Student: 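Got a structure for you, questions after.
All values derive from a computational prediction rather than experimental measurement. Just so it is clear, the values below take in all heavy atoms, side chains as well, and ignore hydrogens, waters and symmetry mates.
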Amino acid sequence: MVYGEILRQGQLFGTAVLLGAGLLFLYDFLRIFRRILKHNTAGIAVEDIVFWLFCALGMFGFMYRYNEGVIRGFLVFGAAVGMILYSVFISRYVVRRGTAVLRRVLHVLYRVFALISKPFRLLAGSAKKKAGKVSHAGKKSVNGWKKRLKKIGKAVKIGLSKL
């Protein structure tokens, strides 16, 4: 009888270790996303608060379901051990490889999109030539948008060339 309870608590501890590692694995996806799209400090703070609130609710749900809602120190310790082990042995490789793969995928998607959109860009260029002269005010607003789009295009090209 006692042996069965000890075995159950050991399994619960092992599950908590896996839960901690799994939570940090999910956090690595957030880290990969941050490497692809730069964030300001406030954005990172908000993302972290939302993520860790989600994790706290998940941990509470785990304890509620498997331990009748009793918060046990060894379960929190198990989750911390899982996070530490994952962080030390696996995390850096997941983030590095995940970032490289996602950048490669985005680069391929950019190339495909550029290839698909090329005929439409050519049509738009020939339609603009046929349209003739534009009033001074209209020309001014078109040039403003053109400059903005060129800046955005250059920023995207620079970002993708770093892939």
Side-chain angles (χ1 to χ4, degrees), residues 1-121 124 145 147-163:
M1 201 61 136
V2 173
Y3 176 74
E5 185 61 27
I6 291 173
L7 185 62
R8 182 181 168 284
Q9 296 297 317
Q11 289 173 335
L12 203 56
F13 180 79
T15 306
V17 170
L18 290 175
L19 178 66
L23 291 175
L24 215 53
F25 179 71
L26 290 176
Y27 189 73
D28 279 349
F29 283 109
L30 193 59
R31 291 174 59 200
I32 292 168
F33 176 68
R34 288 178 184 163
R35 286 185 177 198
I36 299 297
L37 294 174
K38 298 297 180 190
H39 292 64
N40 61 12
T41 306
I44 291 173
V46 169
E47 287 173 355
D48 280 346
I49 288 170
V50 169
F51 178 81
W52 290 111
L53 281 174
F54 167 76
C55 290
L57 290 173
M59 188 70 180
F60 177 75
F62 166 74
M63 284 191 245
Y64 184 77
R65 181 172 182 180
Y66 294 106
N67 205 33
E68 292 83 34
V70 178
I71 297 176
R72 308 282 300 265
F74 80 96
L75 293 178
V76 175
F77 178 71
V81 166
M83 287 179 177
I84 291 168
L85 289 174
Y86 176 83
S87 177
V88 169
F89 293 110
I90 301 171
S91 181
R92 79 183 88 163
Y93 303 110
V94 169
V95 172
R96 193 178 304 145
R97 288 289 180 200
T99 303
V101 166
L102 188 58
R103 282 190 173 147
R104 176 67 69 181
V105 167
L106 289 175
H107 179 72
V108 168
L109 289 175
Y110 172 77
R111 301 286 302 258
V112 168
F113 179 73
L115 187 66
I116 291 171
S117 66
K118 188 171 184 173
F120 298 107
R121 287 183 280 142
W145 278 105
K147 287 180 184 178
R148 288 182 193 142
L149 289 174
K150 278 187 179 181
K151 284 183 182 180
I152 292 171
K154 284 182 183 179
V156 169
K157 284 181 183 177
I158 290 171
L160 290 175
S161 69
K162 291 181 181 179
L163 301 176

Student: Taking the side chain as everything from C-beta on, heavy atoms only, tell me whether Leu106 gets closer than 4.5 Å to Tyr110.
Tutor: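 A side-chain contact is absent here, since even the closest heavy-atom pair is not under 4.5 Å.
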
Student: Using a 4.5 Å cut-off on heavy atoms from C-beta on, say whether the side chain of Val95 contacts that of Tyr27.
Tutor: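 When only atoms from C-beta onward are counted, Val95 and Tyr27 do not touch, as no gap falls below 4.5 Å.
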
Student: At their closest point, which heavy atom of Asn67 faces which heavy atom of Arg72, and how far apart are they?
Tutor: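 In terms of heavy atoms, the two residues are closest at ND2-CG, 2.7 Å.
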
Student: Ignoring hydrogens, what is the shortest heavy-atom contact between Phe51 and Leu23? Give both atom names and the distance.
Tutor: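 Heavy atoms only, the tightest pair is CZ-O, 3.3 Å.
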
Student: With Arg34, which residues qualify under salt bridge (Lys or Arg N to Asp or Glu O under 4.0 Å), at least two apart?
Tutor: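 Glu47, Asp48.
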
Student: Between Ser117 and Phe113 (side chain of the first, backbone of the second, donor and acceptor by atom type, cut-off under 3.5 Å), is there such a pair?
Tutor: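 Pair found, side chain donor or acceptor close to backbone of Phe113.
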
Student: Could you tell me how the ring of Phe74 sits relative to the ring of Phe13: parallel (under 30°), tilted (30 to 60°) or perpendicular (over 60°)?
Tutor: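 Answer is parallel, since the angle falls under 30°.
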
Student: Please list, chain by chain and in numerical order, all residues satisfying side-chain contact (heavy atoms from CB on, under 4.5 Å) with Tyr86, sequence neighbours excluded.
Tutor: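 Tyr86: side-chain contact (heavy atoms from CB on, under 4.5 Å) contacts with Ala21, Leu24, Phe25, Asp28, Ile90, Ser91, Val94.
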
Student: Among pairs that include at least one residue of residues 90-102, which meet salt bridge (Lys or Arg N to Asp or Glu O under 4.0 Å), considering only residues two or more places apart or in two chains?
Tutor: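 Pairs touching residues 90-102 that pass the test: none.
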
Student: Side chain to side chain contact (heavy atoms under 4.5 Å, CB included) for Tyr66 and Leu75? Distances and angles first, verdict last.
Tutor: CA-CA 11 Å; Tyr66 294 106; Leu75 293 178; over 6 Å; no

Student: Minimum heavy-atom separation for Met83 and Gly20, please, with both atom names.
Tutor: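 Minimum heavy-atom contact is CG-O, 3.2 Å.
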
